[in-house]
Amino acid sequence: MSLSPASVSNGSESANKRRRTTGSDVTTDVPAQSQPPAHIPKRGARACTACRKGKNRCEGEAPCRRCQLSGTPCIFEKPEKKIPNVLTGPSVERLSRLEGQYLVMQSHMIGMQSTLDRILTAVQNPAAGLVYPHQPVATNADSIRDSTSSGNIDANDRTRPFPPLPGFAPPPHKYATYGIVPSTAPSSDDESEDTLPRATLNAPIEALQGLANAAAEAAAAPSASPPRVKKRKRVEPIPRNAFPHVVEKGLVADSEARELYNIFFAGCHLFIPVFDPLYDTYESLMERSPWTFDAILAVAGKIRSGNGPLSPTFYKCLEEAQGIARSSLFGPIVRKEAVQGMLLLAAWSTNGWLPSGHAMRMALDLGLHRALDKLADENGKSRSEAEERDLVVSARIWLCLYWFDHQMSLGTGRPVVLRDESSIRHCRLLLEHRYASPTDVRLISQVELIAEKTQIYETLAPLNGQVNHNTLAFIRRANVALDKWWQGCDELHRRTMDENSLLRKILAGELHYAKLWLVCVALRGVSWDKMPFEQRELAFQAKDAAFNCLSIFLSSPEYRAALRYAVHDSLVTAAFSGLFLLKMASLFPTELDLNAIIAQVEQLSQLLSDVAAERYALTLRIMLANLRRKLGVTSGINTPVPIMPLPMGFGDIAVTPPSVWDPSLPAPFTMEELGFAPSDRNVITHSSIPAWLQEQSLTDLGLPVNGSDGIFLQTSGTNGWVGDFAPMPEAW
């Protein structure tokens with residue numbers, strides 16, 4: 001094909017034109033490449049509407065040449081602004097939470113790294129010395145501040161250990177196990193497969209403890225060669241006893257300790273059935289738990305003294321037991337026997353609310369509340385004899401503590417802290433177990449009774465004395481339930497005990513007192529002299545229950561002899577029954593046998609005085625004196641003259657009479673009216689008597705809101721013991 005000159009000319013001109021255009025484009029684009037590229041808009045921003053519809057090339061500037069030639073309006077559409085994708089809602093919260101967790105883990109890792117660095121430095125350079133965990137570490141800032149503020153200060157002042165808890169020194173461990181004792185209990189009460197074992201949480205702490213122990217051994221070993229880091233030993237789950245018992249310390253002779261041990265197991269274990277005499281022998285308790293051993297001797301020492309002066313042995317044992325108890329407040333509990341020791345200190349004290357709460361939390365920390373469920377698990381793995389015995393002992397401790405804590409709450413008007421009834425639903429398993437104790441039958445009956453009483457209290461207490469037909473119907477159903485409880489438990493006792501046995505007498509007395517307590521809770525704050533006929537009948541039913549309760553106390557020689565071993569809860573049972581009868585006698589003197597009631601209460605007050613329960617005996621004496629004044633009856637109390645005019649602990653309520661008394665107030669009670677020898681402090685004013693016992697409250701036969709604390713006289717001291725003729729230590 002041949003080309004004409006014109007076509008060649010036109011082609012060359014077109015090529016030159018293209019070259020010029022390209023060159024101009026390149027020349028124009030070079031400076032633009034040196035600048036950062038601008039945002040390339042969408043097609044709608046580069047072409048006008050007419051060019052875009054015709055799919056033609058547009059210059060991108062208004063008006064474009066094509067629109068000018070065609071006369072079409074050149075319109076450019078504005079591109080939509082793109083909204084950035086911002087995270088909101090749960091995503092932001094999760095991200096911030098992860099960031100916070102990361103920062104916490106980072107700080108923990110930094111702390112662990114610094115601790116490991118110090119330990120390795122001490123291992124490599126023993127001469128530098130070690131700083132024990134219980135000693136304050138002086139930082140550089142502290143050193144600078146000390147040097148600038150006080151000049152020359154002994155370095156020992158900055159590394160002096162903190163003072164120990166009052167009354168007892170901490171355990172002699174360089175690196176004490178307090179706070180880092182591994183526990184096999186899971187991190188929650190649910191023992192499912194998803195539960196995180198506590199051992200995994202303690203693994204870093206165990207590693208630090210192993211390194212610290214290795215460093216201490218390397219620093220203590222005299223050797224010229226560089227110390228070698230020994231392999232970390234496995235941490236023992238139960239360390240050795242940190243405190244010696246009183247016999248080991250030489251405070252009590254072994255023969256006297258055995259005598260006190262025999263006194264305790266002659267009757268005390270019947271009222272707090274937490275021991276098995278066949279398993280908890282003298283040598284066994286001495287070796288397993290010095291705390292419990294010392295507490296047993298202290299309780300027995302108090303019982304041996306009776307209403308006489310307390311012996312030095314009692315003070316020594318009590319001081320040791322309370323000292324170990326104070327040292328347990330801020331450290332982990334590794335032995336279940338420690339719960340027994342704290343329970344004993346609470347049971348024989350009038351101020352047992354706080355120590356019983358501490359014992360409850362000790363048991364929860366040890367996982368004792370799961371022992372019954374493990375015993376009931378037939379599909380569980382086979383257990384050894386030691387593991388089986390451990391479960392039985394743990395279950396017994398938990399049941400006794402559950403009963404005592406609920407009894408303390410109901411008896412003092414405080415709220416029930418532990419409300420998990422599922423931990424006691426298998427309680428009767430103990431009775432059929434091969435490791436059952438002779439006192440387990442009493443323990444089971446107490447647990448089942450307190451469960452009934454808890455339901456009664458939670459139903460009646462919110463009513464605040466509002467009695468209607470529904471309330472009366474509930475009281476009748478509750479009485480039927482209590483009778484059913486007694487029949488079932490008495491059947492359990494009858495298998496191994498005769499009718500006159502002590503435990504069966506105690507069981508019958510608890511039935512009558514529970515019926516009395518039921519009516520008093522239901523009609524709390526109600527004025528009994530203005531009650532309708534049905535409520536009046538309830539009052540006389542409660543009177544019969546109180547009379548039967550006192551009759552069992554006084555007619556059983558076994559019960560009278562065992563009263564010296566009783567805890568305060570049993571003493572309150574007897575004393576409140578007597579006070580209720582005296583109030584009923586004041587309200588209905590013509591409908592009751594006053595001579596029989598007065599004779600019973602006088603006999604009870606004398607019995608309580610004989611067992612050093614003066615707080616309850618003196619309260620009964622005051623009510624008797626008040627009743628005699630109203631009836632014009634002389635005193636029938638034949639009390640021998642005590643060592644002192646009035647027992648120690650009641651000095652604040654006995655005062656010297658002034659020359660003139662306020663005639664608007666009742667005359668005070670003299671010591672002769674109460675059966676004591678006269679002295680310079682020979683009257684008791686009404687202002688020192690609880691309001692429930694005073695004349696204006698005689699029509700109120702219900703329990704006060706604060707329970708026994710609002711009924712019986714309060715001691716002047718804070719030691720929790722009454723009827724003592726010598727000073728007593730605190731908190732007992």
Quiz item: Hey, does Leu399 have a side-chain heavy atom less than 4.5 Å from the side chain of Leu430?
Solution: yes
Quiz item: Could you go step by step and tell me if Arg383 and Asp390 meet the salt bridge (Lys or Arg N to Asp or Glu O under 4.0 Å) rule?
Solution: CA-CA 10 Å; Arg383 294 182 289 262; Asp390 183 78; over 6 Å; no
Practice problem: Taking all heavy atoms of Trp291 and all of Gly341, pick out the closest pair and write down the distance. | Solution: NE1-C, 3.9 Å
Quiz item: Looking at side-chain heavy atoms only, is the closest gap between Met286 and Glu248 below 4.5 Å?
Solution: no
Exercise. Hey, could you give me the CG/CG distance between Leu624 and Leu618, rounded to the nearest 0.5 Å?
Key: 11.0 Å
Practice problem: Apply side chain to side chain contact (heavy atoms under 4.5 Å, CB included) to the pair Asp490 and Arg494, showing each step before the final yes or no. | Solution: CA-CA 6 Å; Asp490 188 65; Arg494 190 183 295 117; 2.7 Å; yes
Exercise. Verify side chain to side chain contact (heavy atoms under 4.5 Å, CB included) between His568 and Arg615, making sure each step is shown before the conclusion.
Key: CA-CA 10 Å; His568 290 279; Arg615 180 192 184 194; 5.9 Å; no
Practice problem: May I ask you to check whether over 12 heavy atoms, not counting those of Glu432, lie within 6.0 Å of atom CD? | Solution: no
Quiz item: Any side-chain heavy-atom pair from Phe404 and Asp569 closer than 4.5 angstrom?
Solution: no
Quiz item: What's the verdict on side chain to side chain contact (heavy atoms under 4.5 Å, CB included) for Ser445 and His493, showing C-alpha distance, side-chain angles and the deciding distance?
Solution: CA-CA 9 Å; Ser445 64; His493 286 69; 4.0 Å; yes
Exercise. Identify the heavy atoms of Ala359 and Leu401 that sit nearest to each other, and give their distance.
Key: O-CD2, 3.2 Å
Quiz item: Just checking, is any N or O donor in the side chain of Thr439 or Ser437 under 3.5 Å from an acceptor N or O on the other one?
Solution: yes
Exercise. Could you tell me whether the side chain of His358 and the main chain of Leu354 form a donor-acceptor pair under 3.5 Å?
Key: no
Quiz item: Relative to the ring of Phe275, is the ring of Phe265 parallel (under 30°), tilted (30 to 60°) or perpendicular (over 60°)?
Solution: perpendicular
Quiz item: Does Asp498 reach the main-chain N or O of Ser501 with its side chain, forming a donor-acceptor pair under 3.5 Å?
Solution: yes
Exercise. Answer yes when Asp280 and Arg288 have at least one side-chain N-carboxylate O distance shorter than 4.0 Å, and no when they do not.
Key: yes
Quiz item: Taking atom NZ of Lys505 and atom CG of Leu503, what is their separation to the nearest 0.5 Å?
Solution: 12.5 Å
Quiz item: For Arg361, what residues pass the salt bridge (charged side-chain N to carboxylate O under 4.0 Å, His left out) criterion, not counting sequence neighbours?
Solution: none
Quiz item: What residue among Ile424, Ile272, Leu449 forms side-chain contact (heavy atoms from CB on, under 4.5 Å) with Trp403?
Solution: Ile272
Quiz item: Hey, is Asp276 close enough to Arg389 for a salt bridge, meaning N to O under 4.0 Å?
Solution: yes
Self-check item: Interatomic spacing from OG in Ser409 to NZ in Lys453 - rounded to 0.5 Å
Solution: 11.5 Å
Quiz item: Is a donor on one side and an acceptor on the other found under 3.5 Å between the side chain of Ser577 and the backbone of Thr573?
Solution: yes
Quiz prompt | Student check: side-chain heavy atoms of Met497 and Val441 closer than 4.5 Å | solution = yes
Practice problem: Any chance you could measure Ser328, atom OG, to Met362, atom CE, to the nearest 0.5 Å? | Solution: 5.0 Å
Quiz item: Tyr435 and side chain to side chain donor-acceptor pair (under 3.5 Å): which partner among Glu385, Glu388, Arg396?
Solution: Glu385
Quiz item: When you measure from the side chain of Ser555 to the backbone N and O of Ser551, does any donor-acceptor pair fall under 3.5 Å?
Solution: yes
Quiz item: Checking Ser556 side chain against Phe553 main chain: does a donor-acceptor pair fall under 3.5 Å?
Solution: no
Quiz item: Does the side chain of Trp398 pick up a donor-acceptor pair with the side chain of Ser423 at under 3.5 Å?
Solution: yes
Quiz item: Hey, are Arg504 and Glu558 close enough for a salt bridge, meaning a charged N less than 4.0 Å from a carboxylate O?
Solution: no
Self-check item: Taking every non-hydrogen atom, the tightest pair across Val252 and Ala257
Solution: CG1-N, 3.9 Å
Quiz item: Where do Val611 and Leu563 come nearest, in terms of heavy atoms and distance?
Solution: CG1-C, 4.2 Å
Quiz item: side chain to side chain contact (heavy atoms under 4.5 Å, CB included) between Arg442 and Glu510: does it pass, once the steps are laid out?
Solution: CA-CA 11 Å; Arg442 166 164 166 76; Glu510 288 169 346; 3.0 Å; yes
Self-check item: Arg335 side chain reached by Thr292 side chain, heavy atoms, under 4.5 Å
Solution: no
Quiz item: How many angstroms lie between atom CZ of Phe576 and atom CD1 of Ile711, to the nearest 0.5 angstrom?
Solution: 4.5 Å
Exercise. Please step through ring pair (Phe, Tyr, Trp, His ring centres under 6.0 Å) for the pair Tyr565 and Phe264, ending with a clear verdict.
Key: CA-CA 8 Å; Tyr565 305 106; Phe264 182 88; 9.0 Å; no
Self-check item: Interatomic distance, Tyr513 atom OH to Leu550 atom CG [nearest 0.5 angstrom]
Solution: 11.5 Å
Quiz item: Taking the side chain as C-beta and beyond, is there a heavy-atom pair between Leu297 and Glu320 under 4.5 Å?
Solution: no
Quiz item: Does a side-chain heavy-atom distance below 4.5 Å link Gln606 with Asp610?
Solution: yes
Quiz item: Between Gln340 and Ser289, does any side-chain donor sit less than 3.5 Å from a side-chain acceptor?
Solution: no
Quiz item: Can you find a heavy atom in the side chain of Tyr279 that is under 4.5 Å from one in the side chain of Val392?
Solution: no
Quiz item: Nearest heavy-atom pair of His269 and Pro277: which atoms, and what distance?
Solution: CD2-CG, 4.1 Å
Practice problem: Check whether any side-chain N or O of Asp294 sits under 3.5 Å from a backbone N or O of Val246 as a donor-acceptor pair, and report yes or no. | Solution: yes
Quiz item: Can you tell me if Tyr402 and Gln446 form a side-chain donor-acceptor pair at under 3.5 Å?
Solution: no
Quiz item: When you check the side-chain N and O atoms of Ser609 and Arg621, is any donor under 3.5 Å from an acceptor?
Solution: yes
Quiz item: Where is the tightest heavy-atom contact between Leu344 and Ile296, given as atom of each residue plus distance?
Solution: CD1-CG1, 3.5 Å
